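Read the numbers this way: they start at 1 and go in the same order the structure lists the ligands and their atoms. As the structure is a prediction and not an experimental result, all values here were calculated from the model.
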Amino acid sequence: MPDRNSGSAIDAAGAGLLLTGIERLLGDGGLLTDPGLLDRYSRDWTGKSACRPVAVARPRSTAEVAAVLAHCHAEHWPVVIQGGLTGLVGGSTPHPGELALSLERLSGVEELDVSSGHMIVRAGTTLAVVQDAALGQGMSFALDLPARGTCTIGGNVATNAGGNRVIRYGMTRSLVLGLEAVLADGTVLTSLGTVMKDNAGYDLKQLFIGTEGTLGVVTRAALRLHPEPPERLTALVALASFGDLVALLATLRRILGPTLCAFEAMWDSYFECVLVTNQLARPFSARHAFYALIEVELLDPAHERDRVENVLFQVLERGWARDAIIAASLEESARLWQIRESAGEMLGKLAPTVAHDISMPLDRMESFVEELRVRCDSLLAGRPFCAFGHLGDGNLHLFTALRSPDDAEAMDALVYGALAGFGSVSAEHGVGMSKKKWLGVTRTAAEIAVMRSMKQHLDPRGILNPGRVI
Ligand SMILES: Cc1cc2nc3c(=O)[nH]c(=O)nc-3n(C[C@H](O)[C@H](O)[C@H](O)COP(=O)(O)OP(=O)(O)OC[C@H]3O[C@@H](n4cnc5c(N)ncnc54)[C@H](O)[C@@H]3O)c2cc1C
């Protein structure tokens, strides 16, 4: 059997035998080989570097995942793991000769316990299904991001997804109580404990959170739930300076405490571009330098709505804010959130574009954006350069519309090169293929060497998502 990790051509007879073996393991509909059906599995959301997998294995149980991996391990067959394919760094896009392992049939909620505040779900369950199941019982699964209808819990765990409510609930890591994962050789590690305290030796679930499928396939997750607040208040605040934005965040945190669950910042460059490109209604009559979209959990709506309104009123009176809208209905709240959440739609319309997801201390952010804007001026030639982000957690997103896709690399060099010594090249989307080259900006040589030795130990034949991350 040829070594497929080196990307060598596949021996057709050997491939046929392997696929027959997998088909036998998975039964009807478990293995897709028809080229017409494979296209859907050939790229992630970015659409870049599309490549058809040799076939798609679609196991329905942990035992089937284990059997497929044991088979591939024995034959040194490289596997790319796929959830909802909403990833933005090329981690789930197949490379030539890879078998795609899709978790789409391993889905569903197995258990939901309101009194202890947990649920157990299969990895291919979409985030929206998990959120709705929790809501149906008066509970909340606090992870939330615009791709909720398509991304899966397995993908969320593998990328340690962040999203809109990190300032209140942390990233996916802090919402995972236990995991079940399958190692490259088919060994099943089941650690689906649902209690918060469990210090019995190494916390092995951490091996699979944020490691982008390079160390194992997540098959089930025990997730932490919180009570759903009776009401959520959404407000959009317009501000004159970055200093005012930071002051508003500090004030809201001090007065509202943990009930402040989202604080999304938008530079005017982003705000104007998304309104025009996506033809959204203009919420304010005048333009402002910055905007903050905030969400507050109202535990006692009758009193707390007044409290939040008073805080915003004071902020306006003191001149820290120029204007503010408090959503009066769920529809208005959705309209305000659409300004922030239709970033992906805008990106598609402005192609060719390049997006960056980075993080840094708040006191570096304003100058970082301004200096970068000056340095990339010649690449832009008047096209949009948009800044926005989750801010409260130091996360900055940049969207740049390019003259040509060939300029993307030069833009990467400008953005990632400028982060050396203080920032992260990946705040929440992971490394995948597209940031691999830049990992050394954020991680030391010693850290990368430890990552490689962990990979070597847990996946000695390099069959899981080979070539991604490190
Ligand atoms: C419009 C839009 C908005 C987004 N907003 C955010 C945001 O706010 N915050 C954020 O963090 N991300 C965001 N993302 C990125 C993306 O949604 C997340 O990275 C998400 O967690 C990926 O889930 P998925 O199921 O689509 O995974 P995929 O894209 O299928 O895979 C992502 C990575 O995880 C691996 N993987 C998938 N499933 C498993 C598994 N079961 N076991 C092991 N490895 C696995 C894949 O191999 C790949 O490396 C956004 C994406 C889009 C398109």
Side-chain angles (χ1 to χ4, degrees), residues 40-41 43-47 53 59 62 65 69 78-95 98 100-107 121-130 143-166 170-173 179-184 205 207-221 262 264 337-338 340-348 355 357 359 388-390 393 395 397 399 426-436 459 464-469:
R40 195 163 80 75
Y41 305 85
R43 59 178 74 85
D44 69 7
W45 190 84
T46 64
T62 302
V65 173
L69 288 187
V79 177
V80 60
I81 308 158
Q82 300 188 333
L85 291 165
T86 67
L88 300 172
V89 291
S92 44
T93 301
H95 296 180
E98 287 182 348
L101 178 71
S102 170
L103 279 297
E104 64 192 348
R105 294 204 307 173
L106 185 54
S107 71
V121 304
R122 298 185 192 122
T125 316
T126 63
L127 174 58
V129 165
V130 171
L143 178 69
D144 192 33
L145 47 123
R148 59 183 78 80
T150 314
C151 68
T152 62
I153 287 299
N156 300 152
V157 170
T159 57
N160 187 26
N164 302 334
R165 296 185 185 143
V166 171
M171 297 181 73
T172 301
R173 190 183 302 282
L179 277 186
E180 178 182 78
V182 183
L183 300 183
K205 67 176 179 291
L207 288 172
F208 311 103
I209 305 178
T211 49
E212 301 176 53
T214 56
L215 302 182
V217 179
V218 175
T219 46
R220 287 192 292 166
E264 299 292 313
W337 270 104
Q338 196 187 7
R340 170 62 182 82
E341 295 212 326
S342 60
E345 186 187 332
M346 172 181 86
L347 194 68
D357 152 56
S359 64
F388 61 107
H390 303 296
D393 47 43
N395 190 172
H397 291 308
F399 277 5
S426 176
E428 58 178 9
H429 297 162
V431 173
M433 289 304 292
S434 59
K435 299 190 181 189
K436 185 178 161 175
D459 181 15
L464 289 182
N465 282 358
R468 280 79 168 178
V469 186

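- Under a 4.0 Å heavy-atom criterion, Asn465 is in contact with ligand 1.
- Listed by number with element, the atoms of ligand 1 under 4.0 Å from a non-hydrogen atom of Ala161 are 11 (O), 21 (O).
- A perpendicular orientation is assigned to the rings of His397 and His390, their planes being inclined by more than 60° (bins at 30° and 60°).
- Residue, atom and distance of the protein heavy atom nearest to atom 27 (O) of ligand 1 are Gly155 CA, 3.6 Å.
- When only non-hydrogen protein atoms are considered, atom 41 (N) of ligand 1 lies nearest to Val218 O, 3.0 Å.
- Nearest to atom 46 (C) of ligand 1 among the protein's heavy atoms is Ile81 O, 3.1 Å.
- Between Ala161 and Leu145 the shortest heavy-atom distance is CB-CD2, 3.9 Å.
- Taking a cut-off of under 4.0 Å to the non-hydrogen atoms of Gly213, the atoms of ligand 1 that pass are 43 (C), 44 (N).
- Of all atoms in ligand 1, listed by their number and element, those nearer than 4.0 Å to a heavy atom of Ser92 are 28 (P), 29 (O), 30 (O), 31 (O), 46 (C), 48 (C).
- At a 3.5 angstrom cut-off on N or O pairs, Gly84 counts as close to ligand 1.
- Ligand 1 lies less than 4.0 angstrom from a heavy atom belonging to Gly163.
- Taking the side chain as every heavy atom from C-beta outward, Trp337 and Asn164 approach each other to under 4.5 Å.
- The protein heavy-atom contact nearest to atom 11 (O) of ligand 1 is Gly162 N, 2.9 Å.
- Comparing heavy-atom distances from atom 49 (O) of ligand 1 across Arg220, Glu104, Glu212 singles out Glu212 as nearest.
- Compare Ile153, Thr159, Asn164 by their heavy atoms: the one nearest to atom 18 (C) of ligand 1 is in Thr159.
- Under a 3.5 Å cut-off, the side chain of Thr172 and the backbone N or O of Val157 do not form any donor-acceptor pair.
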- [ ] Applying salt bridge (charged side-chain N to carboxylate O under 4.0 Å, His left out), run through Glu212 and Lys436 and close with a yes or a no.
- [x] CA-CA 12 Å; Glu212 301 176 53; Lys436 185 178 161 175; over 6 Å; no
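- Between the side chain of Asp357 and the backbone N or O of His429 there is at least one donor-acceptor pair closer than 3.5 Å.
- Distances below 4.0 Å separate heavy atoms of Gly216 from the following atoms of ligand 1: 43 (C).
- Not close to ligand 1: Ala181, with no non-hydrogen atom less than 4.0 angstrom away.
- Formation of a donor-acceptor pair under 3.5 Å by the Asn465 side chain with backbone atoms of Ile81 is found in this model.
- In this structure a side-chain-to-backbone donor-acceptor pair under 3.5 Å is missing from Lys435 to Val89.
- Not one N or O on the side chain of Arg340 forms a donor-acceptor pair closer than 3.5 Å with the backbone of Gln338.
- Here the side chain of Arg468 pairs no donor or acceptor atom with the backbone of Gly432 at under 3.5 angstrom.
- Scanning Arg340, Glu428, His390 for the heavy atom closest to atom 7 (C) of ligand 1 points to Glu428.
- Of all protein heavy atoms, the one closest to atom 28 (P) of ligand 1 is Leu85 N, 3.6 Å.
- For the ligand labelled ligand 1, residue Ala158 lies inside the 4.0 Å heavy-atom shell.
- Remark: minimum distance from atom 29 (O) of ligand 1 to any protein heavy atom is reached at Gly87 N, 2.7 Å.
- One N or O on the side chain of Asn160 and one on the backbone of Arg173 form a donor-acceptor pair closer than 3.5 Å.
- Scanning the protein heavy atoms around atom 20 (C) of ligand 1, the nearest turns out to be Asn156 ND2, 3.6 Å.
- Of the possible donor and acceptor atoms, none in the side chain of Asn395 sits under 3.5 Å from a partner among the backbone N and O of Ala427.
- For His429, the closest heavy-atom approach to ligand 1 falls below 4.0 Å.
- Distance from atom 2 (C) of ligand 1 to its nearest protein heavy atom, with residue and atom name: Ala147 CB, 4.0 Å.
- One N or O on the side chain of Thr93 and one on the backbone of Asp44 form a donor-acceptor pair closer than 3.5 Å.
- Nearest-residue assignment for atom 51 (C) of ligand 1 (options Leu103, Thr86, Asp144; heavy-atom criterion): Thr86.
- When only interatomic distances are considered, the shortest N/O to N/O separation between Gln82 and ligand 1 does not fall below 3.5 Å.
- Side chains of Thr219 and Glu180: a donor on one and an acceptor on the other come within 3.5 Å.
- At least one N/O-N/O distance between Gly83 and ligand 1 falls below 3.5 Å.
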